[in-house]
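Only this structure's heavy atoms are used, side chains among them; waters, hydrogens and symmetry mates stay out. Sequence lines set the chain letters: A, B, ... in the order given, protein chains first and strands last, and positions in each chain run from 1.
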Protein chains: 2
Amino acid sequence: MAQAPGPGKQVQIAHIATQHYLQNKTRIEIANETGLSRFKVGRLLDEAVSSGIVKIHIASPSGVRLDLSVQLRERFGLEHAVVVDVPSDADEVIQAKLGSTAGDLLREILTDEDVLGLTSGRTLNAMARSLSELPKCGVVQLAGVAGPIQETGLEIMRRVSAIAGVRPWTIYSPLVVSDAQAAVGIRRQPDTRQTFEQFNKVTVAVGSIGSWKPENSQMIKNRALDPSDREKLLERGVVAEFGATLITDTGSVVHDIDDRCIAISEEQWRAIPTVIAVAGGPTKTRAIRAVLASGLLKGLVTDAATAERLLGG
Amino acid sequence: MAQAPGPGKQVQIAHIATQHYLQNKTRIEIANETGLSRFKVGRLLDEAVSSGIVKIHIASPSGVRLDLSVQLRERFGLEHAVVVDVPSDADEVIQAKLGSTAGDLLREILTDEDVLGLTSGRTLNAMARSLSELPKCGVVQLAGVAGPIQETGLEIMRRVSAIAGVRPWTIYSPLVVSDAQAAVGIRRQPDTRQTFEQFNKVTVAVGSIGSWKPENSQMIKNRALDPSDREKLLERGVVAEFGATLITDTGSVVHDIDDRCIAISEEQWRAIPTVIAVAGGPTKTRAIRAVLASGLLKGLVTDAATAERLLGG
DNA sequence: GGAAGTTATGCTCATATGAGCAGTAGATAT
DNA sequence: ATATCTACTGCTCATATGAGCATAACTTCC
């Protein structure tokens, strides 16, 4: 019956493992130097790993949590998952870090043949602020203005298109309006109509996620949604919004107010090859999980604590 | 000009490295699954290691410091080097741990075709106490009694030979005597003479190391050595003793009192295929280094702090 | 826009390695 | 001491991999 190896054998294994794993010697070279057969060297190397003498792990030398990123990507079937450590749980700090990370990811992904679509939000504002260069790609606003005027999609659009060196396709409208008729009127305006016509050309889209439960969203605060609207939507199970697309815990899309939103539709999201959400923090976890469940996403940029909650649940 | 990879590429590398190093997939399997060439997968795996994304290290799951053991073995050209952590720097604690580790090593190494030679000392006494089984090998005492009666080679000999199930070859004599004539007389006694005749049959020897500078030695306290003897030997550069073999910092053996010692000679040590010293602690480091420099040793059992001092200096 | 320099890719062929197997060695039971 | 069982070793042959090279792609300079 096999026992735990004694100290002498452990040191022998460690010595052979050092030569192979740290000094890149082949099993045959090690066999020649030690007088053992290459089969025996192979078995000792297998034992080095199975016994825990050799430890191999994925480190994160640059601040990107590669271990969590790989797990997130496999768990949720994503093409891009980037998880970063953040220095604090404050929303502003998380948004700044996620924004700059998303900017780094975009610089890697985009070519001048892409058309970039953007929603609004503070995280995307932070991303826009961190960017210093982009290829000369198209830039399209995917949704009307959700929040207060100093953090609007307009500012994001201005910055990003200036860096890319192109004219932006913008939407001078709120995200939600009072009724469907008003929305029809807005969509009919020439500039807005032309921007909407660009939606089917978008190849890479980046959006932030709004949380309805717990409430951490610019859209839910929009005055065009009165308290009874909100109540109804919450009763229908809405916990998240992505652009103006409302999503429940199970990933179902709620279409109740589609006709009065000035934004990309669910169907149009699904037609874009690469859709990346940038979101994090304790209050956003449920909403992120809901959007992941919807199948809309091909990518996610988030913080480590959120990734752990997503992976743990 | 090559830059640090962006987050997307880092995650790609981490994903491929996870599949290869942690899930044991071949480069060809990974290439098939990712659509990359096997050459590209190979290059990314190389980059995973060179960039620090993959970390491989030698761990010590069992308490034997394998990393230090391998370094000691390579640095000093030893066949056996075993380094263990000890819970404290107290001599008794170090001796107990080193003794039990030496016992584990002996159990691994010895067969019933070996003849085991032993010196005396508290560390070997601890080793003898830790043993619970040995093969039926010969057991030979290599040196007379150096220290106080309750920690003599006699006790070690009794225990070890009882465990091995054999009659021991003993030496009922002090390690050093007053003059060469007395030594001749002692060596002429039948039992002692027969034990000396066994020295050339010893295949594995284990000894502790006495330190003369700083003073931590049973031998130096022996009354047969008067103060002027000690003074002279210290002036000759003696810093260590192994059995009764006196050694300087450069590894030279001092033969001044060989003729009045009842112990194995330097020449006889050198004829033994496997010689292992068991010693540690702050006061023994210089002495251990000296004995290593002598070339007498094929093995060493020591503690981690001592190993670090030996490797650092 | 074209030339020159640099970086990256996929290839060939020799070498390294793995998996299943037959034979040997060691351990246990009688 | 012998028989039986278990563990270990070295082998064959198919597959995996590496190193140097030629070619392609990309970047920089004019």
Strand contacts (DNA chain D) in residues 12-31 of chain A, 4.0 angstrom heavy-atom criterion: none

Rounded to whole Å, CZ of A:Phe39 lies from P of C:dT17 at a distance of 11 Å

To the nearest 0.5 Å, what is the distance between CG on A:Leu105 and CD1 on A:Ile276? 4.5 Å

Rounded distance (Å) that lies between atom P of D:dA7 and atom CD of A:Glu47: 14 Å

More 5' along DNA chain C: B:Ser37 or A:Gly42, using each one's nearest nucleotide? B:Ser37

Quickly work out the B:Arg38 CZ to D:dA19 C1' distance and round it to whole Å. 11 Å

Rounded distance (Å) that lies between atom P of C:dT7 and atom NZ of B:Lys9: 13 Å

I'd like to know if A:Arg107 pairs up with A:Glu133 as an ion pair, taking the criterion as any Lys NZ or Arg NE/NH1/NH2 lying under 4.0 Å from an Asp or Glu carboxylate oxygen. yes

Please report the interatomic distance NZ(A:Lys201) to CG(A:Leu116), rounded to the nearest 0.5 Å. 15.5 Å

Could you check whether A:Glu79 pairs with A:Arg73 (Lys NZ or Arg NE/NH1/NH2 to Asp/Glu carboxylate O, under 4.0 Å)? no

Atom-to-atom span, CG of B:Leu45 to P of C:dT9 - whole angstrom: 14 Å

Distance, rounded to the nearest Å, where A:Lys40 contributes NZ and D:dC8 contributes C1': 7 Å

What's the CZ-P distance between B:Arg43 and D:dT17, to the nearest Å? 14 Å

When the distance from CG of A:Asp46 to C1' of C:dA16 is rounded to whole Å, what number comes out? 14 Å

CD (A:Glu47) and NZ (A:Lys40) are apart, to the nearest 0.5 Å, by 7.5 Å

Should we say atom CD of A:Gln23 is surrounded by more than 12 heavy atoms from elsewhere, each under 6.0 Å from it? yes

